[in-house]
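Below is one structure, written out as structure tokens; the observations come after it.
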Amino acid sequence: MINRYRLHEKIALYAAIFLFLLVLLFPFFEAVKAAFSPLSSLFRAPWHPLPQHFSLEAWQNMWQRVPYLPRYIFNSVLIAGVSTLLTLLLSVPAAYALTRLPIPGVRYFWALFLGVNVFSGAVLLIPLYRMMKAWGMLNSYAGMIVPGTAFLIPTAVWLLRTYLVQIPRDLEDAARCDGAGRIYILRRVILPLIKPGLVAVAVITFINSYANQFIFALTFNSKREYMPIAVGIFDFFGRNTVQWNELMAACLVGIVPALLIFVVLQRYLIDGLTKGAVKH
């Protein structure tokens with residue numbers, strides 16, 4: 001194989017990758033350093049890349065300062081899991097119908113799904129709050145799951161479309177010749193073929209839902225028993241001081257569920273993303 005890159009081009013490429021990773025991982029590195037440092041040494045000058053006084057005090061105290069922390073993490077996982085399940089249940093038939101059925105003006109539906117992603121949840125907080133109040137969903141899991149799922153569906157539909165358009169229509173025609181209906185074709189023919197795509201969409205949806213629970217939880221919920229970790233970490237903010245080392249330790253613990261899911265399903269995620277990027 002002919003080497004397409006010269007030495008100076010390789011150096012520039014690796015330097016750009018290193019700089020990108022440095023900018024991307026530096027906040028995470030600072031969070032880890034703060035979590036293993038005593039509060040009194042966090043803001044001392046000059047800056048040091050490693051903790052000057054290694055300490056596990058923050059990890060011990062955070063469970064005592066915020067006893068609801070395990071509950072917050074459980075709530076986040078529950079909300080993200082249910083939102084992911086509902087998103088897949090609604091997005092798969094929607095993507096199949098918009099991709100396969102002869103729907104008049106289908107391009108406008110795709111444009112509508114794309115346009116929904118432009119709006120932030122903050123823009124619709126007031127009408128959403130009135131809807132949640134009218135439906136009796138305030139201070140409940142449903143008050144965070146329903147609007148969160150609504151904002152996740154358009155992205156999931158668009159992602160699933162990239163896998164559905166690659167499936168030959170001859171497979172569906174052959175199934176219809178044998179008397180199969182649309183539901184049977186979707187369940188027995190289409191779903192097994194887009195299984196890598198379903199895993200990829202599920203992982204992306206779960207991570208997005210887990211990371212974007214703050215605004216709906218802060219607006220539609222005021223009870224600790226339903227609070228996710230995104231809002232629960234406010235318990236580390238005192239009236240006059242902020243326990244930054246304990247806060248960073250809690251944040252690191254909070255990202256563990258999403259990190260575990262990504263690590264466990266990484267192989268399927270990469271397989272699904274690459275299959276969705278190439279047309280056969």
State, to 0.1 Å, how close S76 and I229 come at their nearest heavy-atom pair, and which atoms those are.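 Residues S76 and I229, closest heavy atoms: OG-N, 2.8 Å.
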K33/E30 ion pair, N-O < 4.0 Å: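 E30 and K33: salt-bridged.
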Any chance [atom1] of [X] has more than 12 other-residue heavy atoms, nucleotides or ligands included, within less than 6.0 Å?
X    : atom1 : result
W244 : CH2   : no
L21  : CG    : yes
F29  : CZ    : yes
I17  : CD1   : yes
F20  : CZ    : no

Side chains of [X] and [Y], heavy atoms from C-beta outward: is any pair under 4.5 Å?
X    : Y    : answer
R176 : I185 : yes
T205 : S83  : no
Y210 : V77  : yes
D235 : R65  : no
R100 : R169 : yes
L191 : I194 : yes
L193 : Q166 : no
L198 : Y163 : no

Where does the angle between the aromatic ring planes of Y68 and Y72 fall among parallel (under 30°), tilted (30 to 60°) and perpendicular (over 60°)?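 Parallel.
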Please list all pairs meeting ring pair (Phe, Tyr, Trp, His ring centres under 6.0 Å) that have one or both residues in residues 138-157, counting only residues at least two apart or in different chains.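 Qualifying pairs: Y141-Y226, F151-F216.
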If the condition is ring pair (Phe, Tyr, Trp, His ring centres under 6.0 Å), which residues does F54 pass it with, not counting sequence neighbours?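 Residues passing ring pair (Phe, Tyr, Trp, His ring centres under 6.0 Å) with F54: F36.
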Is the side chain of W59 donor-acceptor paired with the backbone N or O of A35 at a distance under 3.5 Å, no angle test?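 Yes.
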Counterpart residues, side chain to side chain contact (heavy atoms under 4.5 Å, CB included), relative to W135 (two or more places apart):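 Expected list: M131, M132, M137.
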Single-linkage hydrophobic cluster F214~F74, side-chain heavy atoms < 4.5 angstrom: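 No; F74 is not reachable from F214 via cluster members.
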